[in-house]
Structure formats: structure tokens, C-alpha cells
> 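Take a look at the following structure, please.
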Amino acid sequence: MGQEHVRLYVKGLMLGFKRAKSDQKPITSLIQLQDVNSKDDVEFYLGKKLAYIYKAKTKKMGSNYRCIWGKVTRAHGNSGVVRAQFRKNLPAKAMGAKVRCMLYPSRV
């Protein structure tokens, strides 16, 4: 009788930054969450915590992995993409990288 693995986050993809034709606003990141395909689906994820986890060369506190935390702020368009703000702006190498959307804090 094995233990069933439970994932407490939703997978996401960092698409890029909020931008205009010739200007980019790195304070706001655009995230595509798994199985979120409409503006109505985004409502559940508003305020949820996001984690961008990356690997660094040097160890800090016994680990090579670091994390930048953020939160979902609002929808972006009608296709289920969300806008997010992180404590520190995400680096450019994060474009196309995976992001975790934690299922807390709950608004239910």
C-alpha cells in the first residue's frame, strides 16, 4: 500500500513582462497557469502565492536552490494569462521558465 503523491501547487509558465510596443515593464510578469483558459478561471487564483525556483552556483543555508516569491494580481486578456508581481523583479532568463502557483492563501 503506497503513499499517493499530492502536489500542492499548480504548474505555470513565465511568458514575459507586461509591455507596450516599444517599452517593457519588468515589475509585472505574465504567467500562463496550467488548465486556466479563460478570464473566469482566473478568479480562483487571484491573490495566490507564486514561487520562481532557480539553481545558483553557491550554497546558501545548505542549498543551491533559491526562490523569488510573488502573487497573482489580476487577469491579462481573455485567454487565462495572469499578471503577477514578485518581491524582486524576475530576471530575463526566467522567460519560458516554470513557476509554481501555490494553492494558498485561500479566499473560500
> Do the side chains of V42 and V36 get nearer than 4.5 Å, heavy atoms only?
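They are in side-chain contact.
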> Quick check: closest heavy atoms across K49 and P105, and the distance to 0.1 Å?
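Looking at all heavy atoms of both residues, the shortest contact is CG-CD, 4.0 Å.
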> Quick check for you: to the nearest 0.5 Å, what is the distance between F44 atom CZ and L103 atom CG?
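Going from the CZ atom of F44 to the CG atom of L103 covers 5.5 Å.
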> I'd like to check M102 versus W69 (side-chain heavy atoms, cut-off strictly below 4.5 Å). Are they in contact?
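A side-chain contact exists here, since the closest heavy-atom pair is under 4.5 Å.
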> Just how far is it from atom CG of L13 to atom CG of L30, taken to the nearest 0.5 Å?
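Going from the CG atom of L13 to the CG atom of L30 covers 11.0 Å.
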> D23 pairs by side-chain hydrogen bond (donor to acceptor under 3.5 Å, both in side chains) with which of K25, R19, K21?
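Single side-chain hydrogen bond (donor to acceptor under 3.5 Å, both in side chains) partner of D23 among K25, R19, K21: K25.
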> I'd like to know if I68 and Y65 are part of one continuous hydrophobic network [Ile/Leu/Val/Met/Phe/Trp/Tyr, side-chain heavy atoms within less than 4.5 Å].
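Looking at the clustering, I68 is in a separate group from Y65.
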> So how far is it from L90 CG to R87 CZ, rounded to the nearest 0.5 Å?
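Answer for the CG-CZ pair, L90 versus R87, is 13.0 Å.
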> Do T58 and R66 make a side-chain contact, defined as non-hydrogen atoms from C-beta onward lying under 4.5 Å apart?
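Result yes, sub-4.5 Å side-chain heavy-atom pair found.
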> So do the side chains of F17 and S29 get within less than 4.5 Å of each other, counting heavy atoms only?
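Yes, their side chains come closer than 4.5 Å.
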> Would you give the length of the straight line joining atom CG of L50 to atom CG of L33, rounded to the nearest 0.5 angstrom?
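L50 CG to L33 CG: 7.0 Å, rounded to 0.5 Å.
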> Can you give me the closest heavy-atom contact between N64 and K57, atom names plus distance?
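It is ND2-O, 3.1 Å.
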> Is it true that V10 and M14 fall in one hydrophobic cluster, defined by side-chain heavy atoms closer than 4.5 Å?
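Yes.
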> For C101 and Y45, which heavy atoms make the closest approach, and how far apart are they?
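Here C101 and Y45 meet closest at SG-CD2, 3.8 Å.
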> Check the hydrophobic clustering (I, L, V, M, F, W, Y; side-chain heavy atoms under 4.5 Å; chains of links allowed) and say if L46 and L15 are grouped together.
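No: no chain of side-chain contacts under 4.5 Å links L46 to L15.
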> Take F86 and I27, measure what side chain to side chain contact (heavy atoms under 4.5 Å, CB included) needs, and give me the verdict at the end.
CA-CA 7 Å; F86 288 81; I27 197 167; over 6 Å; no
> Counting N and O atoms only, with roles assigned by atom type, does the side chain of T73 sit under 3.5 Å from a partner on the main chain of R83, one being a donor and the other an acceptor?
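Yes.
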> Output the distance between atom CG (D35) and atom NZ (K11), rounded to the nearest 0.5 Å.
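Here the interatomic distance stands at 10.5 Å.
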> Any heavy-atom pair between the side chains of P91 and Y52 that's under 4.5 Å?
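Counting from C-beta outward, Y52 and P91 do come under 4.5 Å.
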> Do R74 and E43 meet the salt-bridge criterion of a basic N to acidic O distance under 4.0 Å?
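The answer is no: the pair does not qualify as a salt bridge.
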